[in-house]
Protein chains: 2
Amino acid sequence: MKLSTKGRYGLRAMVDLGVYSEHEPVSISSIAGRQQISDRYLEQLIGKLKKAGLVSSIRGAQGGYQLARDPKDISAGDILRVLEGDLMSVTCDGDSEKEIPCCEASDYCVTRYVWQKVHEGIIAAVDNLTLAELIEQSKGFHGGC
Amino acid sequence: MKLSTKGRYGLRAMVDLGVYSEHEPVSISSIAGRQQISDRYLEQLIGKLKKAGLVSSIRGAQGGYQLARDPKDISAGDILRVLEGDLMSVTCDGDSEKEIPCCEASDYCVTRYVWQKVHEGIIAAVDNLTLAELIEQSKGFHGGC
DNA sequence: AGAAATCCTAGCAATTTAGTGGGAATTATT
DNA sequence: AATAATTCCCACTAAATTGCTAGGATTTCT
């Protein structure tokens with residue numbers, strides 16, 4: 001259970017967009033250059049973020065990407081959910097075909113209960129963390145060094 | 001980012017042990033039978049839990065496993081950490097060889113910051129959840145059906 | 001002695017991850 | 001109109017991880 005590069009790269013790319021795309025669109029290659037990420041790979045990640053409505057694009061020369069919304073209205077959770085899949089699917093171990101309101105083998109449900117708790121913890125953490133805050137953080141780090 | 005079968009099976013096995021191993025050791029095969037888990041696979045998971053000091057074992061015929069501590073003193077986090085690896089390693093994307101107190105490329109640190117927050121959320125959730133509570137839950141489900 | 005168990009190590013198929021690669025379509029600039 | 005910059009789309013691949021399976025060696029109760 002760990003954050004994959006998808007999530008890490010995605011977060012960094014979105015912060016990068018927040019910093020550099022305010023007045024003009026930013027190309028994949030410039031983000032990839034700054035963030036030292038494979039541009040071909042980043043392309044796919046940004047594609048997902050676009051599909052999810054978090055970034056907008058302008059095609060053609062001098063085109064690129066911009067944040068689709070104010071950074072205050074994008075949470076880390078929004079980004080991670082797109083790239084890491086459902087942050088957590090609360091599923092029983094039983095056959096998913098059967099539609100049982102209350103699991104046959106009750107022990108199975110322990111997992112669900114634990115997972116529910118974990119889920120709440122994660123959601124609370126990432127959904128209250130705005131991109132705006134991350135951008136601020138990133139600027140802060142610069143000043144601090 | 002999801003809970004793998006390791007974590008799910010492990011939680012169920014530990015609850016099973018909590019319920020059935022109070023007075024006598026319980027064999028892998030009996031747990032696997034009740035929980036409908038591959039016994040060969042479960043063996044490996046329990047092996048890790050033993051190595052981590054969460055369960056104790058008695059070898060030979062009529063042997064088996066028991067909880068090493070009171071269920072009140074074992075958290076879901078303890079179990080998940082053993083089976084899911086470090087629940088989350090807070091790493092930068094930069095070279096891990098270099099020992100930089102403050103990252104060169106500050107943007108990298110955004111990931112660290114987000115991850116720290118997520119980590120706190122998860123830890124808060126799973127470390128406050130005791131095995132005793134899960135066992136109670138599991139009994140509760142039985143009564144409810 | 002024999003059976004029931006833990007313990008140890010290795011292998012393996014399926015899935016996921018982290019990319020690479022080849023282009024087609026669109027648009028600004030010259 | 002030509003060119004270059006860029007998004008967009010789809011397919012392929014190598015490495016790692018997951019979820020097992022397999023074959024024993026060892027220990028201990030009966």
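Keep in mind that this is a model prediction, so the values were computed, not measured. Letters A, B, ... are given to chains in the order of the sequence lines, protein chains preceding strands, and every chain is numbered from 1.
With hydrogens and angles disregarded, no donor-acceptor distance shorter than 3.5 Å links the side chain of Gln66(B) to the backbone of Val26(B). A donor-acceptor pair under 3.5 Å is formed between the side chain of Asp78(A) and the backbone N or O of Ser75(A).
Side-chain nitrogen and oxygen atoms of Tyr9(A) include at least one within less than 4.0 Å of the OP1 or OP2 phosphate oxygen of dG19(C). Between dT17(C) and Ser4(A), no contact under 4.0 Å exists linking OP1 or OP2 to a side-chain N or O.
The only member of Val126(B), Leu45(B), Leu11(B) that meets side-chain contact (heavy atoms from CB on, under 4.5 Å) when paired with Ile79(B) is Leu11(B).
As rounded to whole Å, 12 Å separates atom P of dA5(C) from atom CD1 of Ile31(B). For the pair Lys6(A) NZ and dT16(C) C1', the interatomic distance rounds to 7 Å; values are reported in whole Å. Taking atom CG on Leu83(B) and atom C1' on dT17(D), their separation rounds to 15 Å, with Å as the unit. Spacing between atom OH of Tyr65(A) and atom C1' of dT26(C) amounts to 12 Å, rounded to whole angstrom units. Atom CD in Glu24(A) sits about 17 Å away from atom P in dA5(D), given to the nearest Å.
Shown here for Gly121(B) and Ala125(A), the closest heavy-atom pair between the two residues is CA-CB, 4.3 Å. Minimum interatomic distance between Asp73(B) and Arg69(B) (heavy atoms only, all atoms of both residues): O-NH2, 3.1 Å. Here the shortest heavy-atom pairing between Ser21(B) and Tyr65(B) reads CB-O, 3.6 Å.
Between Glu84(A) and Ser4(A), the closest side-chain pair of non-hydrogen atoms falls below 4.5 Å.
Note on the helix from dA1(C)-dT30(D) to dT30(C)-dA1(D): terminal axis deviation equals 10°, with five pairs used at each end and the result rounded to 10°.
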For side chain to side chain donor-acceptor pair (under 3.5 Å), just list the numbers for Thr130(B) and Lys72(B), CA-CA rounded to whole Å, side-chain angles, deciding distance to a tenth of an Å, and then say yes or no.
CA-CA 6 Å; Thr130(B) 68; Lys72(B) 278 175 193 150; over 6 Å; no

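Residues of residues 38-62 of chain B having a heavy atom closer than 4.0 Å to DNA chain D, listed by number: Ser38(B), Arg40(B), Tyr41(B), Gln44(B), Arg59(B), Gly60(B), Ala61(B).
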